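Read the structure below first, then the notes.
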Amino acid sequence: FIIALYNETPTHRDNFLKLVREEAYDSLFFHRAIPGLLVQGGDPESKRAGITATLGDGGPDYTLPAEVAPGLVHTKGAVAAVRKSDDQNPERRSNGSQFYVVQGKSFQPGELDLVAKRAASFGIPLTYSAEQQERYATQGGAPHLDGAYTVFGEVVDGLEVIDAIAAQPCNGSDRPLTDIRMFMRVLE
C-alpha cells in the first residue's frame, strides 16, 4: 500500500521518512490486527521474535512530541503513532517507530456527535466537517481515537491490503498467527 504523509505533523513525517530511508522497518511484523479497528506495526523487537513473543512495547530510545492537528482524524486508512496510555504518558508523546493504520467501521453523524460529547468530557474538543462525516459514514474509521493520537498520514492506495491483514486469524493478544512482514521505500 502507499502512504501519503501530512505536512501538518512535520516531526512525525520526518521521523517516519528517516526510519524508512534507514530501512528500519524492513522485516518488522504487523504484530497486531484487530478487525474493524486497526493493524499495528513498527516494533523493532518483532524482527526476530518467536511466535510466542509478546510484542508492542519496543521502539527506539526516543519518543516524539504529540502533534495532534485539528482536522486530521481516524477515518479508514489513517496512519497514526502508537503511544502509551494517558496515565503513563500525560503529554501523549508518540512511540518513535510504532504506528497503526485504521481499518475501522462505519459511523453515522449522530454517532459522531456522541463521540464528540464524550471527548469533550475529557477536555478534547472535536468537531467533524461534512466531508469527515461522509468519510466516516461511507468508509468507516475509529473516531474514538480522534484528538488523542497523532495522525500523520493516510493510505492513498491499497486499502484492501489493510483489510487483508486485519482479517488474519490472531492469537489472544491480537497477533496474527502467520507473521506478516513489512518492507518500505520512499517514493519521491
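Numbers here are sequence positions counted from 1. Note that this is a predicted model, so its numbers are computed, not measured.
At most 12 heavy atoms of other shown residues, nucleotides or ligands fall within 6.0 angstrom of atom CD in E91. In the displayed structure, K105 atom NZ is contacted under 6.0 Å by at most 12 heavy atoms of other residues, nucleotides or ligands. Atom CZ of R118 is surrounded by 12 or fewer heavy atoms from other residues, nucleotides or ligands within 6.0 Å.
Remark: aromatic rings of Y128 and F107 are distant, center separation not under 6.0 Å.
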Verdict with supporting geometry, Q40 and V82, side chain to side chain contact (heavy atoms under 4.5 Å, CB included): CA-CA 8 Å; Q40 179 178 328; V82 171; 3.7 Å; yes
Working for side chain to side chain contact (heavy atoms under 4.5 Å, CB included), residues R21 and V186: CA-CA 7 Å; R21 287 185 177 113; V186 175; 3.9 Å; yes
Could you give me the CA-CA distance, side-chain angles and deciding distance for H144 and L37, then say whether side chain to side chain contact (heavy atoms under 4.5 Å, CB included) is met? CA-CA 10 Å; H144 64 284; L37 184 57; 3.6 Å; yes
Chi angles and distances behind the side chain to side chain contact (heavy atoms under 4.5 Å, CB included) call for Q103, L38: CA-CA 5 Å; Q103 185 196 32; L38 57 80; 5.9 Å; no
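The two residues P44 and P60 make their nearest non-hydrogen contact at CG-N, 4.5 Å. Across all non-hydrogen atoms, the minimal contact from A53 to R175 is O-NH1, 3.0 Å. Taking every heavy atom of both residues into account, A78 and V151 meet most closely at CB-CG1, 4.1 Å. Residues Q108 and E111 approach most closely at N-OE1, 2.7 Å, considering heavy atoms. The two residues A166 and V39 make their nearest non-hydrogen contact at N-CG1, 3.7 Å.
F1 has its side chain out of reach of L159: every pair of non-hydrogen atoms, C-beta onward, lies at least 4.5 Å apart. Residues D43 and F29 form no side-chain contact, since every pair of their non-hydrogen atoms from C-beta on lies 4.5 Å or further apart. Considering only heavy atoms from C-beta on, F16 comes within 4.5 Å of I3 through its side chain. Between I2 and L187 the shortest side-chain heavy-atom distance falls below 4.5 Å. Using a 4.5 Å heavy-atom cutoff, the side chains of L72 and T150 are not in contact. Side-chain contact between D163 and K76 is present, with at least one heavy-atom pair separated by less than 4.5 Å. Put simply, the side chain of S27 reaches to within 4.5 Å of the side chain of F183, judged on heavy atoms.
In this structure, the side chain of R83 does not engage the main chain of T63 through any donor-acceptor pair within 3.5 Å. A donor-acceptor pair under 3.5 Å is formed between the side chain of Q98 and the backbone N or O of G58. Within the 3.5 Å criterion, the main-chain N or O of R32 finds no donor-acceptor partner in the side chain of D174. In this structure a side-chain-to-backbone donor-acceptor pair under 3.5 Å is present from S97 to G42. Counting only distance, with no hydrogens or angles, the side chain of R135 and the backbone of T75 share no donor-acceptor pair below 3.5 Å. Judged by distance alone, with hydrogens and angles left aside, the side-chain atoms of N15 form a donor-acceptor pair with the main-chain N or O of G96 at under 3.5 Å. Between the side chain of Q168 and the backbone N or O of I165, no donor-acceptor pair lies under 3.5 Å.
The distance from atom CG of L126 to atom CG of D113, rounded to the nearest 0.5 Å, is 11.0 Å. Distance check: L19 CG to F99 CZ gives 10.0 Å after rounding to the nearest 0.5 Å. The CG atom of L28 sits 13.5 Å away from atom CD1 of I180, with the distance rounded to the nearest 0.5 Å.
At a threshold of 4.0 Å, the pair D26-R185 counts as salt-bridged, since one of the basic side-chain nitrogens sits closer than that to a carboxylate oxygen.
Screening E67, E154, R13 against Y6 for a side chain to side chain donor-acceptor pair (under 3.5 Å) leaves a single residue, E154.
Aromatic ring orientation, H74 versus Y149: perpendicular (interplanar angle above 60°, classes split at 30° and 60°).
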